[in-house]
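First comes the structure, then the notes that go with it.
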Amino acid sequence: MFAERLDDLPGKCVFMEPAVRGLSAFGFAFDPFEHLDSTKDAHLQEYLVIPKAVEIALSDQPVAIFAQPGGGKSALRIYASNFYKDSRGVRFPVTYIPETYSTETNFHFEGMNRSLARAAFMYLVSYPDLYFALGSENKQKLKRLLLEIPFGLDFNLHALSESRFVSDLEQALGVPAFSGIPRLDRTHRQLARELEKESSSKPLSLENCFELINNAFGAKSIHILVDGLDGFMETRSSQALTTWIEPLLNILDRWDQGNNYLKFFLPMDISDAPALVNLSAVRSAALIWDDNLLAEVVRRRVFVASSGRFDSLDAISAPDVRNVELTLVRQLGRKEKLPRQVIIKSRSLLRALIVSGKSEISSKHLFSIGELPYAKVL
Amino acid sequence: MKSTPPPESLFHTLKAENEPWLDDVFVFLPAFERLREAHSAILYGEVGGGKTAMRLALTKQENAGVFTALWGPEPILENPPTGTELTHQAMRQALSACVESLILDGNLPERLGEPSGHIASALQWFLRNCLPFHAEFYIQSQADRMMQEKTLWYSKLLERSLPSVITEQISLKDQIRLLLMILKAAKYERLWLMVDGLERWIPYQAGEQVETLVDAILSTLVIFDVPGVAFKFFLPASLKDILNSTSGVERHRAEEVMLEWSAEDLQAMLEKRLAYALSKKASLDSLCDGNEFLNWLKEFGGDSPREWLRFTAPLIAEYQKHGRRLTVAQLHDFILQHPAPLRLNRARREVWLGKKRISIGSTTEFRVLEYLSSHPGMICSLEELYYYAYKELDTVPDKGETNWVHKDTWRGAMDMVISRLRKKIEPTPEGQFYLVTHHGKGLELLHAEA
């Protein structure tokens, strides 16, 4: 049971998630239940289940989506961002997630400015030829917009010239590229040189940035996806959170007229806050899950991870075991009926299966995981 | 060829950091597999439970593209902040630890060679901003821990004129991303931040602050959760209840794993060490006949590897002295001569023999043991014990004082208390291994530990 030495561990030479090693025997190309954090899940777009009510997140209007922790807010936000990116910037996505807490008046707007600079930079990296076709005024304004980019524009231009892969920049700036180009080439180095040469004065104001994105990138609308607002100790209460986002709520109407839409992804506790309820400009919806939808969350993941070979865990279960997904969902308590919880359940089930050394899920596997703490399953 | 350490080293060295042979004797528990996964995790374990051994074993995966940095959180003594500012200060400590680990263990000169401008620039920024003192001085001060070429490489890097990194407005999350950029250039795929060493603060007032610091990080883990970065916390089990309510745990951003040892795991751990120290075929059976020692370990060693190692150390010495394995009778004598240490937990009024809790019903009995254990190596008179246990007096009153009681009044009660205690703690009915009577003088408590 024990490896003889630490050096004998399979992971020593090639890093591989322990679960994947066992799952491949059941026909999975990857572990579909590995990531509880959607920001780290490379397959999210392929298997995300979106309840009908929150499809408004993708519409051209200001929106507030409410959900419980683990209810899929961030997953929906990432899905929306990718959905907009597929429009090649016609519907331009900007993700704003505050990375610190401050009550300064312009805090959110400055943060959005920086988010916009990151997104614009990655847009240029994705479509570098677009820059060369711009008029001199727009080129100069773009440089002004990019002055807000983290680490400074000089640093990023060096990174653009010297890096080999787009992913290097994506990782450093925390923003995915808009196109699928993997490598940086001569065109990017030329872009870096031209941007470096371009003169600049002071940074652009946020509303001028919106205008520039429309003019220079041909965007018809800008969708600012606001998430992670409740991640701070100071914003845990719904009252404090409402107060914190008030400057953004006050500007909704004006931005809406310019086709710049704020889309909030907020905790459920805040859904009945008067400041939000009384806002006619915002359409709101809640991410609510029923048993069938949650079972679908599992099935889609199974389908994608098995490369379409099967779409239910029933396929790797004993003949007397049926409706594995629904059974798992029904084991959850009323307050646990959330995607994150059913993913944890599914993960525990597959790990229990691997550890047992059996070739199929039995009733014993299915009903024992409800009683065992996760770590004990192994 | 490896040189085999003396057997006692493997059983007396109770700190994983001091065990160069750990790779060869490491036991893979289910918890280790959980920690190896890419996401953040919290390993809870008792003191001496093997948390640090787990951390060191995880660090061995460095070759697989995971860079592990060790962070031992330090209390913030002056004007400790609260809220987000506290989290920021904690993360600044963590980043500083990452940069130090990178310099000492990251092998950057070899991995980066002649780094490109932006990577050199980013690294220079970290050296200048995240080290405990001036970068050039820091590098020079580590000369005895680094090869000369490495020191030179860093010194040269610091002298280079490079494009500046503007960080006035950037968040700590961006700083983590920047660090990842360097790591990626150095062919590391991931960064694991190992958070360990909280135990050293817990007995002191600063312990509370360090707990608050970890609580703050776990409560705001979402802010620092960058793809490619995972936090691996190695925490005392006593913190589990406190950290349970942090959002990091509630929202499963950090998975909780309990470090638990079964008797079979502990036996495997002992036997791996025996095989390493004595001979490949050595096992517990090689040391003594019968199962008495194993049963005794199970009873008094509990689930603590540190206790099992410690209790086995004198048996190995005895085995080596005899030059052959102990008979059942010899082993029995050995156990009586090496009983499990008696420990008192004053705050909880508990008495323990090794890891076995002894049921002490009366306060009087506890106070007798308390008095004796606070006078190690001394013989305490029955009078002292009576006045401390029954009257809560630290000194014996003089005859005529209000509290003074004639010996005939209490002698019988004290004999009963001592007799009851002996029944509870002594290994044999007639033996005096812990509570030893010195006729005409009083009692002495042996094998007690603070």
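In this text, all values refer to a predicted model and were calculated from it rather than measured experimentally. Order of the sequence lines sets the chain letters (A, B, ...), proteins ahead of strands, with each chain counted from 1.
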- line: Counting heavy-atom pairs under 4.5 angstrom with chain A, the leader among B:Met181, B:Lys173, B:Arg251 is B:Arg251
task: Could you tell me which non-hydrogen atom of B:Ala38 sits nearest to which non-hydrogen atom of A:Glu34, and how far apart they are?
output: CB-OE2, 4.2 Å
- request: Check each atom of A:Ser163 against the heavy atoms of chain B and say whether the ones under 4.5 Å are side chain, backbone, both or neither.
  value: both
message: Between B:Ser121 and A:His158, does the side-chain hydrogen bond (donor to acceptor under 3.5 Å, both in side chains) criterion hold? Intermediate values first, please.
response: CA-CA 10 Å; B:Ser121 175; A:His158 271 86; over 6 Å; no
message: At a 4.5 Å cut-off on heavy atoms, which part of B:Ala122 comes close to chain A: side chain, backbone, both, or neither?
response: both
message: Has A:Glu162 got a side-chain atom pairing as donor or acceptor with B:His118's backbone, closer than 3.5 angstrom?
response: yes
- prompt: Which atoms form the tightest heavy-atom contact between A:Arg236 and B:Ser247, and what is the distance?
  reply: NH2-OG, 3.8 Å
A:Ser102 versus chain B, the contacting section by heavy-atom distance below 4.5 Å: neither
message: Is B:Arg253 in contact with chain A via its backbone, its side chain, both, or neither, using a 4.5 Å heavy-atom distance?
response: side chain
Output side-chain donor-acceptor pairs under 3.5 Å for residues 67-76 of chain A, partner residues at least two apart or in another chain, one line each.
residue	atom	partner	partner atom	Å
A:Ser74	OG	A:Asp227	OD2	2.9

- prompt: Are any of the side-chain heavy atoms of B:Leu172 and A:Glu99 separated by less than 4.5 Å?
  reply: no
- prompt: Are any non-hydrogen side-chain atoms of A:Glu234 and B:Glu85 less than 4.5 angstrom apart?
  reply: no
- prompt: With no hydrogens and no angle check, is any side-chain donor or acceptor of A:Gln171 less than 3.5 Å from a backbone partner on B:Arg177?
  reply: no
task: Report the C-alpha separation of B:Glu255 and A:Arg347 in whole Å, then their side-chain angles, then the decisive distance to 0.1 Å, and conclude whether the salt bridge (charged side-chain N to carboxylate O under 4.0 Å, His left out) test is met.
output: CA-CA 13 Å; B:Glu255 188 179 356; A:Arg347 190 158 84 173; 3.6 Å; yes
message: Using a 3.5 Å distance criterion without hydrogens, assess whether the side chain of A:Arg340 forms a donor-acceptor pair with backbone atoms of B:His252.
response: no
query: Which heavy atom in B:Thr220 sits nearest to a heavy atom in A:Gly231, and how many Å separate them?
result: CG2-O, 3.4 Å
query: A:Arg118 and B:Asp174: salt bridge (charged side-chain N to carboxylate O under 4.0 Å, His left out), yes or no, with the steps?
result: CA-CA 12 Å; A:Arg118 287 176 210 251; B:Asp174 275 329; 2.7 Å; yes
statement: Turns out that what part of A:Arg164 lies under 4.5 Å from chain B's heavy atoms comes down to neither
N-O pairing of A:Arg351 and B:Glu37 below 4.0 Å: yes
message: Counting heavy-atom pairs under 4.5 Å with chain A, which one of B:Thr82, B:Asp225, B:Leu180 comes out on top?
response: B:Asp225
query: A:Ile97 versus chain B, heavy atoms under 4.5 Å apart: side chain, backbone, both or neither?
result: neither
message: One pair to check against side chain to side chain contact (heavy atoms under 4.5 Å, CB included): A:Phe155 and B:Leu162. What are the steps and the verdict?
response: CA-CA 9 Å; A:Phe155 176 83; B:Leu162 293 162; over 6 Å; no
field: Proximal component of B:Thr84, with respect to chain A [non-hydrogen, under 4.5 Å]
entry: both
